[in-house]
Amino acid sequence: MDQVLSVALQPIIDAGPRIGIVLGSGLNNFAEEINNAISIPYTDIPGLKASTAPGHRGRFVVGHLSGVPVLAMQGRLHYYEGYQMSDVVYPIRLMHRLGIRTLLLSNAAGGINENFSVGDLMLIKDHINFMGTNPLIGPVQADELRFPDMTYGYDPGLQDIFRNAAADLGISLCEGVYLGTSGPSYETPAEIRAFRSLGADAVGMSTVPEVITANALKMKVAAVSCIANMAAGILPERLTEEDVLAAGKLVEKKFSALLRRAVESLEE
């Protein structure tokens, strides 16, 4: 790690986090639960772009969660912000360079499965990459596999930890397939019908590039979607960003409890 980058990241290096957390739309407030927290804006880190999406604060927060050293992304970068895919996944590569080998992601998603309701939490079992590109295109990066196998892109052991955490807390946890699009427009009703026929249960504009990159780096990954709205055509109403953020508020308490319990279980 070059000297300039090391200086910018020194608080993170000193804390020695073992678990990385990515907080999606409406879920950024979870970072406030991190004890002895130090925040570093993305713009203070060489090579890292600013987060411009609504509800994304755009900073790393390092500290302890139930005594466990963690590094949280309080907001992520999206392909639709106009960045290169390499920019979108740079924070994941950076986490790996900092020694993190377990990555827990969250996002706000539209519910395609008509058995879901707004406010449900969905454990992602698998994904469909509909972004039209792949973050691994180009020269092979240091420590990355050229052709990572995505059969177990979402680690079975980590999935069990989230299932058990939900059961312990009495939280209903749906499971399903997440489909990632580039955005930023919401999908059409026809697209949602097509995605359902492909086996997708939820749709969003993030997460897939991060998961692919993490797998190329041999990191263990788990991810949870907050069903922030029912996808286009399911309900007779328009979709808005405000509804997505409001849904984050709706699930904030149970999402925080689930994530905290999962982190605690990783250290037991």
Side-chain angles (χ1 to χ4, degrees), residues 22-28 49 51-56 73 75-92 103 105-116 118 120-138 148 150 153-154 174-216 221-235 237-248:
V22 180
L23 300 171
S25 297
L27 303 171
N28 274 215
K49 304 297 185 180
S51 181
T52 66
H56 291 249
M73 287 182 64
R76 55 159 51 89
L77 304 175
H78 301 81
Y79 190 44
Y80 66 71
E81 293 175 78
Y83 295 133
Q84 298 296 316
M85 192 58 78
S86 58
D87 296 324
V88 173
V89 300
Y90 180 68
I92 306 304
L103 185 64
L105 302 104
S106 66
N107 62 52
I112 294 176
N113 188 322
E114 293 179 300
N115 292 318
F116 291 173
V118 173
D120 282 346
L121 295 179
M122 185 191 85
L123 180 67
I124 300 178
K125 298 191 301 182
D126 203 349
H127 74 230
I128 299 170
N129 182 8
F130 227 80
M131 291 191 160
T133 187
N134 189 295
L136 306 183
I137 291 173
M150 296 298 295
Y154 298 83
C174 303
E175 299 189 21
V177 175
Y178 176 89
L179 186 146
T181 68
S182 65
S185 60
Y186 289 112
E187 303 72 34
T188 68
E191 288 169 338
I192 293 303
R193 291 193 297 272
F195 294 162
R196 186 182 295 116
S197 72
L198 291 174
D201 295 288
V203 61
M205 305 171 190
S206 67
T207 304
V208 169
E210 297 156 335
V211 172
I212 292 172
T213 302
N215 273 266
V221 176
V224 174
S225 290
C226 160
I227 303 303
N229 55 267
M230 297 309 293
I234 295 178
L235 298 177
E237 56 191 40
R238 292 182 178 273
L239 307 180
T240 69
E241 180 65 25
E242 289 76 18
D243 290 339
V244 171
L245 298 178

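Count residues from 1 along the sequence.
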Decide yes or no for P91 and L77: does some side-chain heavy atom of the first lie under 4.5 Å from some side-chain heavy atom of the second?
yes
dist S225:OG -> L121:CG (nearest 0.5 Å) comes out at 9.0 Å
Taking every heavy atom of V89 against every heavy atom of P135, the minimum-distance pair comes out as CG1-CB, 3.8 Å
Would the distance check show the side chain of S197 and the main-chain N or O of A194 forming a donor-acceptor pair, the cut-off being under 3.5 Å?
yes
With no hydrogens and no angle check, is any side-chain donor or acceptor of N215 less than 3.5 Å from a backbone partner on G153?
yes
Does the side-chain contact (heavy atoms from CB on, under 4.5 Å) test come out yes or no for E187 and V203, once each step is laid out?
CA-CA 9 Å; E187 303 72 34; V203 61; 3.6 Å; yes
Dump the intermediate steps for side-chain contact (heavy atoms from CB on, under 4.5 Å) on L198 and V177, then the final yes or no.
CA-CA 10 Å; L198 291 174; V177 175; over 6 Å; no
What's the separation between atom CD in E175 and atom NZ in K125, rounded to the nearest 0.5 Å?
5.5 Å
Shortest non-hydrogen contact between D120 and C174, atoms and distance
OD2-SG, 3.8 Å
Check side chain to side chain contact (heavy atoms under 4.5 Å, CB included) between P148 and all other residues, then give those that pass, not counting sequence neighbours.
L136, L145, A216
Kindly give the heavy-atom pair with the smallest separation between I227 and A202, and that separation in Å.
CD1-CB, 4.1 Å
What pairs with M131 under side chain to side chain contact (heavy atoms under 4.5 Å, CB included), at least two apart in sequence or on another chain?
M85, N129, P209
Smallest separation among heavy atoms of A223 and Y154, with atom names:
CB-CE2, 3.8 Å
Donor-acceptor pair, S106 side chain versus V224 backbone, under 3.5 Å?
no
Among residues at least two apart in sequence or on other chains, which ones pass side chain to side chain contact (heavy atoms under 4.5 Å, CB included) with T52?
E81, Y83
Is a side-chain donor-acceptor pair under 3.5 Å present for S206 with N107?
no
By side chain to side chain donor-acceptor pair (under 3.5 Å) - contacts of Q84 (at least two apart)
none
Roughly how far, to the nearest 0.5 Å, is the OH atom of Y186 from the CG atom of N229?
6.0 Å
Please examine the side chains of Y90 and K49, heavy atoms only from C-beta on, and report whether any two atoms are closer than 4.5 Å.
no
Heavy-atom closest pair, residues Y80 and G183:
CB-C, 3.9 Å
Sorted by chain and residue number, the side chain to side chain donor-acceptor pair (under 3.5 Å) partners of D201 (sequence neighbours excluded) come out as N113
Shortest non-hydrogen contact between Y79 and S182, atoms and distance:
CD2-CB, 3.9 Å
Applied to residues 194-213, the ring pair (Phe, Tyr, Trp, His ring centres under 6.0 Å) test, sequence neighbours excluded, yields F130-F195
For residues T207 and H127, determine if any side-chain heavy atom of one lies less than 4.5 Å from a side-chain heavy atom of the other.
no
Where do V221 and E210 land on the side-chain contact (heavy atoms from CB on, under 4.5 Å) test, with the steps shown first?
CA-CA 10 Å; V221 176; E210 297 156 335; over 6 Å; no
Hey, does V22 have a side-chain heavy atom less than 4.5 Å from the side chain of I92?
yes
Separation of I192 CD1 from L179 CG (nearest 0.5 Å)
8.0 Å
